[in-house]
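Comments concern the structure below.
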Amino acid sequence: MHFSELGLGPEVLRAVEEVGYTSPTPIQEKAIPWVLQGRDVLGCAQTGTGKTASFTLPMIEILAQGRAKARMPRSLILEPTRELAAQVAENFELYGKYNKLNMALLIGGESFGDQIKKLERGVDVLIATPGRMMDLFDRGNILLTDIKILVIDEADRMLDMGFIPDIERIVGLLPKIRQTLFFSATMPPEIKRLADQFLLNPREVTVAPPASPAATVTQALVVVDEMDKRQALRHFLKTDDVKNAFIFCNRKKDVATLHQSLVKHGFNAGALHGDMVQSKRTETLEAFKTGKLDLLVCSDVAARGIDISGVSHVFNFDVPFHAEDYVHRIGRTGRAGKSGRAFSIASPDDGKLVLAIEKLIGKEIPRVLVDGLESPELEFEEGGRRRRGRGAAAPKKDKAEVHRPEPRRHQDRRPRDQGEDVVADSPEMDAAPRASAEARPPRSESRDRRDYREDRRGDERRDDRRDDRRRRREDQDDDRTPVIGFGDDVPAFILRAARPPKPAEPDPAEPEV
DNA sequence: AAAAAAT
């Protein structure tokens, strides 16, 4: 199947060709002809399937005829997050290169002025998040009477985010005669109801979810005490050949503190969450995309849909609250047939969350150990009583067998504070051999621990048991090589540890347009 | 529980 067989015009085809794609993905192949015929489409597809181009390409084609009048856009695309909206806008720019279409991106956090100016000039394509869209409408800057095509993207996520009332209101303002394209990764009853309400005799297009990340992404999980999480993360960052990575936190404030901590440790990291100024969000994401930033510490704002090719790792600094988010997060790597690695850092309290994830993905996430860090067992609450178990398996006696040599090309990217010229603020716990814990001046204490304690200042729930453990650890011999030891139950992972396995399915590598 | 989205 070739793009030229879908009924797209020469301008669009030329743009597609220049980007380097020759054959459409399944959803593009199925949906584009229907869209071109003016039919409503109900698309059941996730990001990563080429979904975006399945509506942008035919829309460019359709909108190439005719011209927009001032304030009367001819099409409207609704997206759940600002970043996704921006991504769709880029898509239009890319493929609309040879069709002169006017486009406006209406998202919050950016000045009204420019957006209003564009609307005044007349736009063919309006790409918006619901809040800003309604705001501008209520101010009288948009007339929706000329909308010919409506796209509702990621409907299930809109539902999760509580946007459905907004969406219903917006759709109520549109002409009844129009073409509607409705996409959702899942079809729960509430979404089905919406689809019935918005669509007229739609063609249903369903594509299998892209090879589940569970198959294309090598996963591992470490259980450490809450206060050791940063050190565990840094260990992975330095020893696992990390080219670039998403690092997910559950809370915005933790995104900020972890980001600061990583920067202090010399990592080239940026931060992204929904409370940041939009200009910073855009700038940071762009820097990460173009490789100016190696690491992106982020909240779940970036968990879904964000498409950056060639991300080598995903780290869950926190185990996500919702199991589905785990799948979305690790799906940021291992894209387009490439391999990816995902490490999750759990604290003992995360037992239930880990179980939920393993149930969802249908397998156990291989446990790993970080040398030098104690790995407590996961705890599960059951009927008020605590049951423990299924943490990491006991470390292997024979370390040599599972020893992974300290890598190599990371050395040059490594924070400068490693080694002898350790300065006062220098944090790395293992940086230099030291005497006993008692003999050490307080400032050589790990920064993490200080930060951690500062975070918890005033929090009386300090756990003496932990202090004991900590002392024991600090007394340990210090000239150890950081190694990941693997639990007994995961021999396959050990064998492949140095090189991620090929995806289970030799992915046909359908180019995503 | 948290995060997302309008100011």
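Below, chain A is the first sequence line, B the second, and so on; all start at residue 1. Computed from a predicted structure; not experimentally measured.
With rounding to whole Å, A:F317 atom CZ is found 17 Å from B:dA2 atom P. What separates CG of A:D349 from P of B:dA1 is a distance of 15 Å, to the nearest Å. Whole-Å rounding puts the A:F163 CZ to B:dA6 P distance at 6 Å. For the pair A:Q278 CD and B:dT7 P, the computed distance is 10 Å after rounding to whole Å. Straight-line distance from the CZ atom of A:F246 to the P atom of B:dA3: 18 Å, rounded to whole Å. In this entry the distance linking CG of A:N316 with P of B:dA2 reads 18 Å, nearest Å. Look at CG on A:L78: it is 12 Å from C1' on B:dA5, rounded to the nearest Å. One can place CD1 of A:I116 at 15 Å from P of B:dA6, the figure rounded to the nearest angstrom.
A:R132 has no side-chain polar atom (N or O) that falls below the 4.0 Å cut-off from OP1 or OP2 of B:dA5. Within the structure, a side-chain polar atom (N or O) of A:R281 is placed less than 4.0 Å from OP1 or OP2 of B:dA5. The side chain of A:T129 places an N or O atom within less than 4.0 Å of a non-bridging phosphate oxygen (OP1 or OP2) of B:dA6.
Below 30°, between 30° and 60°, or above 60°: for A:F315 and A:F236 the angle between ring planes is below 30°, a parallel geometry.
Looking at heavy-atom distances under 4.0 Å, A:R157 makes no contact with the nucleic acid at all. Nucleic acid contact class of A:D300 (heavy atoms, under 4.0 Å, all strands): none. Across all strands, A:H322 comes closer than 4.0 Å to base atoms (heavy-atom distances). Heavy atoms of A:G109 sit under 4.0 angstrom from primed sugar atoms or phosphate atoms, though from no base atom. Residue contacts shown for A:R139 are absent, as no nucleic acid heavy atom lies under 4.0 Å away.
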Hey, mind stepping through A:K118 and A:E110 against salt bridge (Lys or Arg N to Asp or Glu O under 4.0 Å) and telling me if it holds? CA-CA 13 Å; A:K118 280 200 175 159; A:E110 282 176 359; over 6 Å; no

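A:D135 is linked by a salt bridge (charged side-chain N to carboxylate O under 4.0 Å, His left out) to A:R139, counting only residues two or more places apart in sequence or in another chain.
If you check the side chains of A:R71 and A:N141, you find no donor sitting under 3.5 Å from an acceptor. Judged by distance alone, the side chains of A:R341 and A:S339 never bring a donor and an acceptor atom under 3.5 Å apart.
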